[in-house]
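Below: the structure, in structure tokens.
These values consider heavy atoms only, across backbone and side chains, with no hydrogens, waters or symmetry-generated copies.
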Amino acid sequence: MNLAELPTRARVVIIGGGIVGVSSLYHLAKASWTDCVLLEKNELTSGSTWHAAGNCPTFSGSWSLMNMQRYSTELYKRLGAEVDYPINYHVTGSLRLGHTDERMLEFRRAKGMGRHQGMAMEVLGTDELKRLYPFLETHDLKGVLYDPNDGDIDPAQVTQALAKGARDMGARIVRFCPVTGARRERGEWVVETGSGEIRCEFVVNASRYRAREVGRMFGRDVPMTVMSHQYILFDEIPEIAAWTREQGHKLPLLRDVDSSYYLRQEKNGMNLGPYEGNCRAHWTTPDDPMPADFSFQLYPDDLERLEWHLNDAMERVPILGTAGLQKVINGPIPYAPDGNPLIGPMPGVPNAFEACVFTFGIAQGGGAGKVLAEWVTEGRTEWDMWSCDPRRFTAYTDDDHCVAKGMEVYGHEYAIHFPRHVWPAGRGRRHSPLHDRMKALGGQFGPYNGWERANWYAAPGDDTSEESTLTYRRDGPWERRVREECLAVRDAAGILDLPGFSRFTLEGAGARDWLARMTTGAVPKPGRLGLAYFADEGGRIVTEMSVLALADDAFLLVTAAVAQWHDRDWLVRHLSADGSLRLEDVSERFTCQILTGPSSREILASVVEGADLSRGWLSHQEARISGRPCRLVRVSFAGELGWEIHSEVGDTAAIFDAVWNAGQPHGLKPFGMFALDSLRLEKGYRAWKADLSTDYSVLQGGLERFVKWDKPDFLGREALLGERERGVARRFATLVLEPGEYDAPYMSTVRHGGEIVGETTSGAYGYRTDRSIALAMLRADLTEPGTVVEVEIFGTPFRATVAADQALWDPNNERMRA
């Protein structure tokens, strides 16, 4: 490459020329950020893009991923004409085959989400299926999900079209220019290449399966592994050629999700792509190192792994067995531990972003470019993208974990994600000091930011098999025990081991004033705590923290376990550069137990030293239990009289033993996360990244009581004032549903008069009130108490009534304040 081709300066440098990197460049240019450069070590599309199958589904169980994939399909339909570049994009529609009743429930939920986003998804019976796909054996099927927006696109063409559009707007692409390093100088990034250096304000890692290698240049260990994915191309099939000529279009793309493969018409032949359980990760061991360059290369064929799927596909579509095998494509595809991509701020690294580890890069590439450009240019995204945020993984995701989870996700690519099911791979990364005690009590665990927490406590004889959790129904083997746990909290006392809270100390002159500017409400006085909401410039909910005032300018900030890196970045990003405030992450040093219920004061009184248990709600104090120091925080997410007991990790077991032994005469029982979820819904308490997200403003979230309007300034104030003056279009409400077998899952569609008027954000059964409850975002005029709406749960409408704007349980907080 001629050195003159490499500019010395740009506003943004993108590393990687696959579809996501090029789409990011295109969308930055669309946002009028044209002083941007993309660097590619070889040719555009030379990594994962060139060998991708090019399928473009909109289906997803995630609201944000569905948004992103929907946007991609809409963009691809118009892109060729917009940039004057030919694209082979076949919108054929797709059929997802359902073999089981549970699968059909998944389809009906996806249909509801799709309809809410304006897509015409349909759940069809087998009679209609035969009309759409006459070569299919349907005798053992329950039905099918039909997505008319699905199809396939030529990966190289769509990438080149995006590249042309970006260049035409003034952005630059430099090929055959490998990046060799990066360093931070005077508030800028210096990106080093074999052809010179380029300085920039922002940098984006869009390096596909080489993202980990590039991440290390920034001190970042990207959580990912690389999987080998094969698909098989078959020769022309005369029957398909004849049908296509007669109909004037291709067959719909077929996915047999219960058998784990897709089957797509390729010209007049077929393309079979399995996701096999006996899969293989590559470049994970010293004897299988990643090559210095793997551009436009493939792995050797390994067809033995696909034998079962090949036979199953031939039984499903018998004419496939008449075709000769033409070619096998076996290429690298990157996987994050949950199978979702990484799009957003690079954790702990200033002005650096990630847009990498895309398992379905073609389907998501258009939307990913939009999201990345919004992150860079605005510091926020239109849709809440926590499902893809790189900060959702923290330090527990080492190599072993990434490989184990990558193989698990790949081998279960089409699996149903049931609400009570816990995937077994990569477990046991972080244990509470009480883990063995909780296990001995019957604890059934799930990971929360890598921390193992008990979800429920089984009794002898209960079915604790993984198979028992593969259901959407409420009445699994846990249901009786969760009810018992909730009623123990109501009638006596419960204790919850809660490792992993994220904790930050904030100290320094001006800390109080800084918190006042950062949060919407009042800052508590020393000895008190308050619930604080952090809004962005648009008034949307960024995060929620408990703020404990230790002194006038010293605070402890406590937030969700999984929010650790997200909230740390938010705080650091807004700290003043003069160093007057000191922020320290002390999450690893401490842990927490929740003691709650009407007997909790008596239990605590028998073991605590140096504490005044008559102090009121929202107070905190230092104390000792069994001679060990702790902090008693007078608050309870369960909505009963109670305390959080915060202690250093080494002191926690002794404290638990003292409280546990003292509690036995009072009926103290352990309770888990499932019970806590039930209890908090009865109080209308919000959960982060379900009820609380940037999809909603602070006012829409029903949090106006946490807004102190007379403060001279706080982040998001102008946006919230404007919203208040205009009138809030949507509001949070608690819904009480007529009883059924299922509770409302996240993003269930809410209708009124046949019109979509909102969505649920969480739902569960309340065992103190004996009601099925959902929190929902509704059109504002429908939030009056007593209004009747319909909640669509797995395709079936259920009558729901809007509750009064107060807790369903103990609405005046008399029990909690006792």
Side-chain angles (χ1 to χ4, degrees), residues 16 18-20 45-55 57 60 65 155 206-215 221-232 255 257 259-262 271-291 294-310 328-342 354-365 368 388 390 393 397-415 417 423-426:
I19 188 170
V20 174
T45 77
S46 62
S48 301
T49 302
W50 80 272
H51 64 76
N55 298 330
S60 179
L65 285 175
S207 302
R208 309 181 296 275
Y209 57 73
R210 305 198 82 100
R212 199 168 207 175
E213 175 186 346
V214 171
D221 190 11
V222 177
M224 61 173 289
T225 194
V226 178
M227 299 298 300
S228 151
H229 176 60
Q230 301 179 86
Y231 60 87
I232 307 169
R255 290 184 180 86
V257 287
S259 294
S260 194
Y261 60 81
Y262 66 82
N271 173 346
L272 174 67
Y275 290 91
E276 70 280 8
N278 55 331
C279 51
R280 180 176 178 187
H282 270 283
W283 305 333
T284 61
T285 58
D287 62 342
D288 182 24
M290 178 180 284
F294 201 69
S295 301
F296 295 114
Q297 296 184 52
L298 296 171
Y299 303 127
D301 301 351
D302 191 4
L303 281 177
E304 287 186 12
R305 298 197 331 236
L306 311 185
E307 184 177 354
W308 184 91
H309 300 82
L310 181 58
V328 178
I329 305 294
N330 185 7
I333 297 184
Y335 270 75
D338 61 1
N340 291 351
L342 305 177
E354 292 174 347
C356 52
V357 197
F358 279 78
T359 299
F360 298 104
I362 307 304
Q364 297 167 351
C388 301
F393 300 116
T397 53
D398 59 14
D399 288 354
D400 290 345
H401 179 81
C402 290
V403 172
K405 296 303 291 185
M407 293 183 70
E408 181 180 63
V409 172
Y410 179 96
H412 298 86
E413 187 63 67
Y414 294 131
H417 292 266
W423 293 98

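Contacts of Asp302 classified as salt bridge (Lys or Arg N to Asp or Glu O under 4.0 Å), with partners at least two apart in sequence or in another chain: Arg305. Scanning for side-chain contact (heavy atoms from CB on, under 4.5 Å) contacts around Ala404 gives Ala425, with sequence neighbours left out. Judged as a side-chain contact (heavy atoms from CB on, under 4.5 Å), and not counting sequence neighbours, the contacts of Ser46 are Glu40, Asn42, Arg208, Ser295, Phe296. For Glu307, the salt bridge (Lys or Arg N to Asp or Glu O under 4.0 Å) test picks out no residue, with sequence neighbours left out. For Gln364, the side-chain hydrogen bond (donor to acceptor under 3.5 Å, both in side chains) partners are Gln69, not counting sequence neighbours. With sequence neighbours excluded, the residues that form a side-chain contact (heavy atoms from CB on, under 4.5 Å) with Pro332 are His51, Tyr209, Val226, Trp283, Phe294, Tyr299. Shown here are the side-chain contact (heavy atoms from CB on, under 4.5 Å) partners of Pro424, two or more places apart in sequence or in another chain: Glu408, Glu466. With sequence neighbours excluded, no residue forms a side-chain hydrogen bond (donor to acceptor under 3.5 Å, both in side chains) with Asp400. Residues meeting the side-chain hydrogen bond (donor to acceptor under 3.5 Å, both in side chains) test with Asn278, sequence neighbours left out: none. Every residue two or more places apart in sequence or in another chain that forms a ring pair (Phe, Tyr, Trp, His ring centres under 6.0 Å) with Tyr335 is listed here: Tyr410. Every salt bridge (Lys or Arg N to Asp or Glu O under 4.0 Å) that Arg210 has, sequence neighbours left out, goes to Glu213. Considering only residues two or more places apart in sequence or on other chains, Asp301 meets the salt bridge (Lys or Arg N to Asp or Glu O under 4.0 Å) condition with none of them.
Atom NE2 of His229 sits about 8.0 Å away from atom CD of Glu276, to the nearest 0.5 Å. Within the model, atoms OH of Tyr414 and OG of Ser260 stand 7.0 Å from one another, a figure rounded to the nearest 0.5 Å. The structure places CG of Asp399 at 6.5 Å from CG of Asp221, a figure rounded to the nearest 0.5 Å. The CD1 atom of Ile333 sits 6.5 Å away from atom OG of Ser48, with the distance rounded to the nearest 0.5 Å. If you take CG on Leu272 and OH on Tyr262, they are separated by 8.0 Å, rounding to the nearest 0.5 Å. The SG atom of Cys356 lies 5.0 Å from the CG atom of Leu342; values are rounded to the nearest 0.5 Å.
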Practice task
Take His309 and Tyr275 through the side-chain contact (heavy atoms from CB on, under 4.5 Å) test and state the conclusion after the steps.
Solution key: CA-CA 9 Å; His309 300 82; Tyr275 290 91; over 6 Å; no
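The closest side-chain heavy-atom distance from Pro341 to Leu65 is below 4.5 Å. Looking at heavy atoms from C-beta onward, Trp50 lies in side-chain contact with Leu298 at the 4.5 angstrom threshold. At least one side-chain heavy atom of Ile232 sits under 4.5 Å from a side-chain heavy atom of Leu303.
A side-chain donor-acceptor contact under 3.5 Å links Thr49 to the backbone of Ile19. Between the side chain of Asp288 and the main chain of His282, no donor-acceptor pair closer than 3.5 Å is present. Using a distance-only test at 3.5 Å, with no hydrogens or angles considered, a donor-acceptor pair links the side chain of Arg212 to the main chain of Val222.
Across all non-hydrogen atoms, the minimal contact from Gln230 to Leu306 is CB-CD1, 3.8 Å. The two residues Thr225 and Ala281 have their closest heavy-atom pair at OG1-CB, 4.0 Å. The two residues Ala53 and Asn271 have their closest heavy-atom pair at CB-ND2, 4.2 Å. Pairing each heavy atom of Pro274 with each of Tyr261, the nearest pair is CA-CB, 3.6 Å. Heavy-atom minimum distance, Trp308 versus Ser259: CZ3-O, 3.6 Å. Taking all atoms of both residues into account, the shortest heavy-atom contact from Pro289 to Asp287 is CD-C, 3.5 Å.
With salt bridges taken as basic N to acidic carboxylate O contacts below 4.0 Å, none links Asp338 and Lys405.
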